[in-house]
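Report on the structure given below.
Residue numbers start from 1 in every chain, and the chains themselves are labelled A, B, ... in the order their sequence lines are given, proteins ahead of strands. Bear in mind that the values here come from a model prediction, so they are computed numbers and not experimental data.
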Amino acid sequence: MKFSELVEAFERIENVSSRTEMTAILGQVFQQCSSYEARLIAYLIQGRVSPAFVALEFGVGEKLLLEAIAQACDVDKSVVESAVHNHGDFGLAAEVLVDNASECLTIAQVFSGLLQVARISGDDSQQAKIQSISEMISAMSPREVRYLVRIPLDRLRLGVRDPTVLDALSVGRVGNKSDRKQIERAYNLVSDLGLVSELYTRDGLEPLCEINVEVGNPVRPAQAARLSSGDEIVAKIGECAVEPKFDGFRLQVHRNGHQVYIYSRNLEDMTGMFPEIAEAARTRLSCDNVIFEGEAMAYDPDTLEFRPFQVTVSRRRKHDIDRLSTDNPLKLICFDVLCVNGEDVTTYGYRERREKLLQIVQPNESIGVAESIVTGIGSKIDSFFAEEVESGLEGVIAKKLDAPYQAGKRGFNWIKLKRSYSVELSDTIDCTVIGYWYGRGKRAQWGIGAILAAVWDSNEGMLKTIARVGTGFSDEEWVAIRHLLDKNRSETCPPEVDSSIIPDVWVHPIHVVEVLADELTKSPNHTAGKGNDNSGHALRFPRVLGMPRMDKSPQDSTTVDEIEKMFQAQNTGSAAEAQA
DNA sequence: ACACGAGCATC
DNA sequence: GTCGGAT
DNA sequence: ATCCGACGATGCTCGTGT
């Protein structure tokens with residue numbers, strides 16, 4: 001199939017709003033293309049050239065693309081930059097600059113071109129990638145280029161992601177969504193959308209039925225829904241198990257004999273980063289053929305207290321592993337098991353899986369099993385939640401009893417209850433708006449996509465940045481806030497502002513907005529509280545709570561002193577212990 | 001007719 | 001959105 | 001300098017369930 005045919009379908013999909021229609025159009029593509037092409041299309045829609053668990057990335061982002069487009073179109077980079085700004089999209093920007101009529105490449109040719117780009121590595125690889133992409137652009141028509149450049153950015157912007165592909169496969173073959181469930185089941189177990197697409201378009205459900213959980217092949221992790229109180233949870237799922245929620249990273253561990261694989265939540269292969277956990281998987285399990293999951297947390301080896309997320313996350317690295325596994329060890333708190341002795345146990349109920357997990361894991365300093373209580377009373381969930389938060393954890397997760405492990409789903413089998421969902425327990429901060437950035441995608445039309453927020457340093461009489469905020473406003477409010485801010489534009493950084501971050505537009509500090517955040521972090525980028533150690537503070541997961549407070553002036557913003565206090569308070573809470 | 005979840009996109 | 005790590 | 005992936009919230013639209 002020609003790439004231009006796929007592009008035509010993409011264009012049609014982009015121009016409809018009905019999901020049913022999008023699915024029908026993509027279904028048609030799957031009907032008309034070969035099975036092999038279906039595989040390639042699936043990967044391209046995922047913004048990849050391989051399944052997630054294969055470490056093959058493009059290594060091409062916006063900056064390299066800017067260069068490649070400029071080269072191919074023989075224009076200055078600034079021309080591309082302004083086109084991107086105007087359209088809020090790299091694809092549309094490239095499309096208007098390209099001038100080439102040929103549409104002769106096949107899907108396979110385009111895919112293999114992108115595959116080559118991904119495979120380029122080593123010295124001067126960036127230049128080589130730019131060169132390759134530039135050549136591809138030169139061989140394509142404007143609208144082909146529109147989608148080509150969006151692929152490595154994983155911003156196809158069609159309104160089509162994995163779930164729509166699953167529907168479209170079914171619609172393409174049988175005319176309705178009746179096969180979706182089984183296709184999805186297969187995808188959730190092998191995590192390879194390309195493989196599933198190829199098998200299904202070629203031979204239908206039959207080969208998919210033979211797909212099963214296999215040690216060494218990551219399973220798409222189950223996800224949790226969110227609610228904000230124990231009562232809501234009980235109303236939803238009744239009596240349930242409640243477990244602590246740790247703020248680390250989620251790992252899926254596979255063991256077959258002496259061989260161990262460790263995958264991240266997004267199926268990245270992280271085997272090798274956590275030797276202490278791999279060792280525990282080899283020596284502390286009563287079963288040598290298993291898949292199980294847990295949350296990895298850093299802990300202080302002397303006090304056994306869990307460490308903050310920022311410390312845990314610093315273990316995500318390839319070098320100097322041995323030193324860090326001693327100085328900054330991790331403990332895996334296990335919470336589920338998916339496969340035992342080659343048997344798929346994801347269909348078992350929660351209680352049975354937990355029973356198995358307890359049998360398998362022999363706890364030590366590197367591995368343990370999450371605590372669990374069972375209750376059908378909302379207030380009990382709330383008090384367990386309060387206990388966990390008191391001891392420094394993120395919250396709790398409630399699990400429907402007797403529910404299977406729902407791979408890949410965000411259903412209501414698991415429900416998280418987090419500290420930050422409660423306004424009383426999270427940090428609301430009054431911030432002054434000192435600038436903004438142009439938006440991308442639909443926010444391009446509004447000319448705004450995020451604001452730069454600052455707090456008041458009363459000692460220095462300066463405003464210090466603490467976060468970019470790009471969520472919380474409704475569409476209407478975005479338009480209104482832009483209008484408001486434009487009345488006070490400043491050509492340069494206002495004198496009373498101390499910022500090392502440069503927004504697209506500076507704004508005189510006038511408007512104060514309320515910002516909610518999960519927590520405060522140390523920041524090398526923001527200036528709030530930046531002292532001799534060159535480290536300031538930032539907000540984790542900031543969101544605005546509404547339009548500016550007209551009754552507040554910048555000096556009424558939260559002060560840096562208050563921020564410091566909040567940061568202290570947050571980190572002196574009695575930390576949970578990593579009991580051995 | 002309306003509420004709610006699914007899916008997607010923005011940051 | 002923030003951050004840390006790899007290249 | 002740039003890319004990548006670890007952690008996420010939030011708002012909007014459509015389709016479906018009640």
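The side chain of A/R468 sits closest to C/dT2 out of C/dC3, D/dC4, C/dT2. Side-chain atoms of A/Q310 lie closest to C/dG4 of the nucleotides C/dG4, D/dG8, D/dC3. Listed candidates were D/dT10, C/dA6, B/dG7. Nearest to the side chain of A/H319 is C/dA6. Checking B/dT10, D/dT10, B/dA9 against every side-chain atom of A/R443, the shortest atom distance belongs to B/dT10. Set against D/dC12, D/dA6, B/dA9, the side chain of A/R316 has D/dA6 as its closest nucleotide.
Rounding to whole angstrom units, CG of residue A/N525 and P of C/dG4 are separated by 8 Å. Nucleotide C/dC3 holds its C1' atom 13 Å from the CZ atom of A/F567, rounded to whole Å. Atom-to-atom, CZ of A/R540 to P of C/dC3 comes out at 11 Å; the value is rounded to the nearest Å. Rounded to an integer number of Å, the gap from CD of A/Q223 to P of B/dC8 is 13 Å. One atom, CD of A/E394, and another, C1' of D/dC7, lie 9 Å apart when rounded to the nearest Å. The nearest whole Å value for the distance from the CZ atom in A/R226 to the C1' atom in D/dT10 is 8 Å. Regarding A/D167, its CG atom lies at a distance of 13 Å from the C1' atom of D/dT16, rounded to whole Å. The nearest whole Å value for the distance from the CZ atom in A/F249 to the C1' atom in D/dC4 is 15 Å.
Within 4.0 Å of A/S121, counting heavy atoms only, lies no atom of the nucleic acid at all. Residue A/R180 is in sugar-phosphate contact alone, with no base atom involved, counting any heavy-atom pair closer than 4.0 Å across all strands shown. Within the nucleic acid shown, A/D247 has no heavy atom closer than 4.0 Å to any nucleic acid atom. Backbone-only engagement by A/G248 is indicated by non-hydrogen atom pairs under 4.0 Å involving sugar-phosphate atoms exclusively.
Under 4.0 angstrom from either OP1 or OP2 of D/dG8 there lies at least one side-chain N or O belonging to A/K245. Side-chain N/O atoms of A/R543 include none lying less than 4.0 angstrom from OP1 or OP2 on B/dT10. Look at A/S17 and you'll find a side-chain N or O under 4.0 angstrom from OP1 or OP2 of D/dC14. Look at A/S314 and you won't find any side-chain N or O under 4.0 angstrom from OP1 or OP2 of C/dG4. Note on A/R19: every side-chain N or O is 4.0 Å or more away from OP1 and OP2 of D/dT13. The phosphate of D/dA9 (OP1 or OP2) has a side-chain N or O of A/K418 nearer than 4.0 angstrom. At the phosphate of C/dC3, OP1 or OP2 sits under 4.0 Å from a side-chain N or O atom of A/S523. Between A/S264 and D/dG5, a side-chain N or O to OP1/OP2 separation shorter than 4.0 Å is absent. Phosphate proximity of C/dT7 to A/K129: absent, as no side-chain N or O sits under 4.0 Å from OP1 or OP2. When the side-chain nitrogen and oxygen atoms of A/Q126 are compared with OP1 and OP2 of D/dC3, none of them lie within a distance under 4.0 Å. Listed pair A/T20 / D/dG15 meets the phosphate criterion, a side-chain N or O lying under 4.0 Å from OP1 or OP2. Remark: A/R315 is not in phosphate contact with C/dG4, judged by side-chain N or O atoms under 4.0 Å from OP1 or OP2.
For the salt bridge (Lys or Arg N to Asp or Glu O under 4.0 Å) test with A/E62, the passing option among A/R440, A/K77, A/R155 is A/R440; the others fail. When the options A/I466, A/T465, A/L463 are evaluated for a side-chain contact (heavy atoms from CB on, under 4.5 Å) with A/V455, the one that passes is A/I466.
With 3.5 Å as the limit, one finds no donor-acceptor pair spanning the side chains of A/Q46 and A/D154. Defined by atom type and a distance below 3.5 Å, a donor-acceptor pair is missing between the side-chain atoms of A/Y200 and A/Q182. Judged purely by distance below 3.5 Å, without hydrogens or angles, the side chains of A/S78 and A/D76 pair a donor atom with an acceptor atom. When only modelled atom types and interatomic distance are considered, A/Y436 and A/R482 share a side-chain donor-acceptor pair under 3.5 Å. A donor-acceptor contact closer than 3.5 angstrom is absent between the side chains of A/Y147 and A/E95. Between A/D192 and A/Y43, the side chains place a donor N or O and an acceptor N or O closer than 3.5 Å (distance only, hydrogens not considered).
Projected onto DNA chain D by closest heavy-atom contact, A/S18 and A/E57 fall at different nucleotides, the more 5' of which corresponds to A/E57. Between A/A450 and A/P524, the residue anchored closer to the 5' end of DNA chain C is A/A450, taking for each the nucleotide with the nearest heavy atom. Each of A/P152 and A/E476 was assigned the nucleotide of DNA chain D with the nearest heavy atom; the assignment lying further toward the 5' end belongs to A/P152.
Both the sub-6.0 Å distance and the 45° axial angle are not jointly satisfied by A/R315 relative to the ring of A/F249.
The stretch residues 265-278 of chain A comes close to DNA chain D through A/R265, A/N266, A/E268, each having a heavy atom under 4.0 Å from the strand.
Using a 4.0 Å cut-off between charged nitrogen and carboxylate oxygen, A/D498 and A/K464 count as a salt-bridge pair.
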